[in-house]
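Right, one structure below, let's go through it.
Each chain gets a letter, A, B and so on, in the order the sequences are listed, and its residues count up from 1.
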Amino acid sequence: MIEGRGITKTFASRGGVLGSQSVTALRGVDFLIPRGGAVSFIGESGCGKTTLGRILAGLETYDGGQLIVGDTDLSTLKPKAREPHFRRVQLIHQDPYSALNPTRTIESTLRDPLRLRAAQTGKPASWVASQTEELLSLVGLDPSYVLPRYPHQLSGGMRQRVVVARALTVEPEVLVADEAVSMIDVSLRLGILGLLRQLRETLGVSILFITHDVATARYVGADGELYVIYRGQVVERGPVETVLADPVHPYTQCLLSAIPVLHGLERPGEDRLVPKEPLDEKMEPAGCLFAPRCPFATEVCVSERPVLGRLGGTPQHHACFFPASRHVVATPLR
Amino acid sequence: MSIVELSTETLPGVAISGLTIAYRTDAGELAAVSDITLGLPAGTITGLVGESGSGKSTLALSLLGAVQKPGRVTAGSVVIDGIGDITKLDEHALQSVRGAQIGYVFQAAQNSLNPLKTVGKQLLDLGRSHRVKDLRGLLREAKVLLSRMGLAAERVLDSYQHELSGGMRQRVGIMFALVLNAHLLVLDEPTTALDMITQANILQIVRDVHAERGLTTLIVTHDVGVVAEVADRMAVMYGGRVVEHGQTMEILGAPRHPYTRGLISAIPRLTGPVDAAKPLPGTPPTLGTIPRTGCVFRQRCPLRMEICDTVAPAMIGGVACHAVNETEQL
Amino acid sequence: MRLSVRQRFWRGVWVALKRRPSRILGVIIMALFVFMAIAGPWFYPDRLPYNVDNMYAPISWDHPLSTDFEGVDVLALVITGTRGVLLVAVAAGLVTMLVGTAAGLYAGYRRGAADSVLMRIADFALTIPGFPLLIVLTTAMNFGAWWKMALVLGLIGWGGLARAVRSQTLSLRERGFIEAARGLGLPTRHIVTKELLPNVAPFIATNLLMAVTGYIYAQVGLYFLGVLPLDTSNWGVMLNAAVFQSGALISPDALPYLLAPLGAILLLTLGVVLIVDALEEIFNPRLREG
């Protein structure tokens, strides 16, 4: 189990002559990833979802808030002492082409973390070889085919499976999949998504699925929670099927409206919005972060910032003064 | 009546027939595009769908006469109304046709601008290289296009690539493709690496600009959703061949080729049972592993028959599949 | 059949060489020089036979490259001179490789203060004019011993390699596989030697071979200018004698004596350049198997 309370992160970027400019990536994000559960973060690029995943994997520091892994509040530990806890979270990179060392065979890529593990836990050398094969079989690869090969000799889908197998060498509790299928051929994507789903069942690992493609998030964790993030703030949060069936925040509705409709196979939702993309994100509004792009913004939205809650008695949490049901998702014709 | 006639005269249709494009490799000359016959009717948007290695980008480049070495057109023709067979034109003729009559938005147009020059400077370069007399008029046209796409035209023309977001760069790419008044527009993966909302906006722009300017448009993508949103007609490529083509609505509603069926049912949806999405077994072939004889899809095909190993299925009624042809004839 | 990693590597080397005949030529040239350096002196007595009656002999089977001002066979001089030239150049190259690679990897992977300090030193090593400094140093130190010379050359020349390795390391550092290795808790030693180094290897090898040719020039140049004692056999000593004693620039008789060492240097450089062309393919498994 991993819990975050009020995680904040600001990147200082040097803005040239006019002095430094900072970018707020996360504005006090609360989240909970239960054991064996699935949580999906969705939002546009730059919304902070990737930063959050990297913080969980220990690849990025956070500025404020508490990060609790299991029973340990990492905020109380020295940076060095946090490392073993971060190992319980493994990141699956978006790009399976750069995630594997091009100069090493799959065998040596998998063997080294396993050897380290064997040394730490006092397992015999034979364990390394058998575990290598077992992990590859678990992710749906044929060990005798894959082991002697270099990454470039494998397809994108196979590479991503190897990346998952490598993450599993340290028996993690959470896999963070950041756009894990966006660079993989369409016909192979579902296989990877299915693998993540299957690992939840067989190994009990939790999945944090980070994506801009809501439908893939649903495939991996339809029983989990969906977090919609906009400019570092969670604007809507609830069970996946609830949020998808009845989104109440206009940003969520924009995101869902933007998903292409397979005309001929399904009918567009009758309230489908025409979302506006952010053409200028540099200014920091005083009120609701989404107000400048929101088709329904009122005066209060511009002057006050809503917080995550259940205003209007909705089943899910949201950060909007005027939550309203709109039917924006396409429905199948058959 | 007369309007219809006029529009078919001015709009360029494209007729690709028997086109084969091969790349020279260590293993010999391998065909990336094999014997493709496909028409782009004037005034329509055609979506060309395929995965990596399907040959879709190579096919798109052939419309520009820009197949890169070591590749070359080994057979067939690409006839564009008003231009002729583009595979027969020399480099000089091609250069005057590109941009002026055929607008092309490159794959990853987000990064195809010159980082050291402002958009305006690059626009003037383009004008000069095409010997445009009225550069002011060119700027005016560019501003109209940029404003039409929701951008602050003056500011964009004064910007460098790094000052523009991905969606803005894509719009600039479309502006460059159309500013010389091209009527054939080719977009290669126009929304890859863009966010959903930006993608929706770009697709809306493509649709609107296509209608307003009376274009013939080809949109190349790996994403069936993109085609579903914008294209009147679609063609599905696999292993260098078109396996199915027709009206988008009809294909999506009732796909016939086993690959098209598999591809569409492998797309997870937002509603309906989660497990309605089904994975397609196997992997798409690369240039070196495309079967040389028989059907290119047979290794992943649930309807595989004996004849598939030896005879490449002919395109009959918009689908190239032995099994489908057999059942439909009954 | 499963081959060991080593067997696959050598098979890959062979494939890469075969792809262009020029590469095989490069290897042949290098092999020839290495052979001359190792075995050359064994074929000749310590003091080469001389015959003052046969100075600047016309080219013949006995003296295919003519003879020098004492009637010593020029081919024999070239062959016996190879060892000194290559020994110093290779040893200096090793010094450069060790210092440059270590500094570049450390600076690029650690970043921060260590990076700044090491790169300032590397810049310093890059900006000092090497050859004039060498001339000054020869007056202060005795370069008679080959290892002293190699050490000084190597220490002057590591800056470029360190810079190249560092920039490569910096970009690799952000790659997914390095982040993954850190995330798996693999020790830094492993990350640097097993993950980073193999990816930087082609850059090291290329820079190194180029540095080695530079050292050959520097060393031969020092002998040629006469700032080093002329009592050894070295191509530079030959050039010096040809120009300053035999007047090869004005006397056509002595021309072969001048051209022979020059030709040897050019041939060796050619060999290096032809091999460098193959290095990228040899170290990159993707290119290796084509």
Checklist entry - Based on non-hydrogen pairs under 4.5 Å, which of B:S52, B:A254, B:A200 is most in contact with chain A? => result B:S52
Checklist outcome for this item: In terms of heavy-atom contacts, B:G225 and A:L262 come closest through CA-CD2, 3.9 Å
Checklist entry - CD of A:E266 to CG of B:L270: how many Å apart, nearest 0.5 Å? => result 8.0 Å
Checklist entry - What is the distance from atom CD1 of B:I197 to atom CG of A:L256, rounded to the nearest 0.5 Å? => result 9.5 Å
Checklist entry - Based on non-hydrogen pairs under 4.5 Å, which of A:V329, A:L188, A:L193 is most in contact with chain B? => result A:L188
Item to check | Among A:V274, A:L255, A:L333, residue most engaged with chain B (heavy-atom pairs, under 4.5 Å) | outcome: A:L255
Checklist entry - Between A:E179 and chain B, which part of the residue has a heavy atom less than 4.5 Å away: side chain, backbone, both or neither? => result neither
Checklist entry - What are the two closest heavy atoms between A:L190 and B:P279, and how far apart are they? => result CD2-N, 3.2 Å
Checklist outcome for this item: Turns out that what part of A:A330 lies under 4.5 Å from chain B's heavy atoms comes down to backbone
Next on the checklist: Counting heavy-atom pairs closer than 4.5 Å to chain A, which one of B:V274, B:L280, B:T283 comes out on top?
Outcome noted: B:V274
Next on the checklist: I'd like to know which of A:G156, A:G46, A:S187, A:A258 tops the heavy-atom pair count under 4.5 Å against chain B.
Outcome noted: A:S187
Checklist entry - Between B:P268 and A:A215, what is the shortest heavy-atom contact and its length? => result O-CB, 3.3 Å
Item to check | Structural part of A:L244 lying under 4.5 Å from a heavy atom of chain B | outcome: side chain
Next on the checklist: Rounded to the nearest 0.5 Å, what separates atom CZ in A:R218 from atom OG1 in B:T271?
Outcome noted: 6.5 Å
Item to check | Euclidean distance, A:L265 CG relative to B:I251 CD1, rounded to 0.5 Å | outcome: 12.5 Å
Next on the checklist: Working to the nearest 0.5 angstrom, can you tell me the gap between B:H222 NE2 and A:I184 CD1?
Outcome noted: 11.0 Å
Checklist entry - Do you know which of B:R300, B:E229, B:M196 has the most heavy-atom pairs with chain A at a distance under 4.5 angstrom? => result B:E229
Checklist entry - Can you tell me how far the CD1 atom of A:I259 sits from the CZ atom of B:R269, to the nearest 0.5 Å? => result 8.0 Å
Item to check | Test item: B:T198 and A:H212 side chains (from C-beta on) under 4.5 Å apart, heavy atoms | outcome: no
Checklist entry - By a 4.5 Å heavy-atom criterion (distance strictly below it), what part of B:I264 contacts chain A: side chain, backbone, both, or neither? => result side chain
Item to check | Contact class of B:Q199 relative to chain A, heavy atoms under 4.5 angstrom | outcome: side chain
Checklist entry - Using non-hydrogen atoms only, which part of A:T331 is less than 4.5 Å away from chain B: side chain, backbone, both, or neither? => result backbone
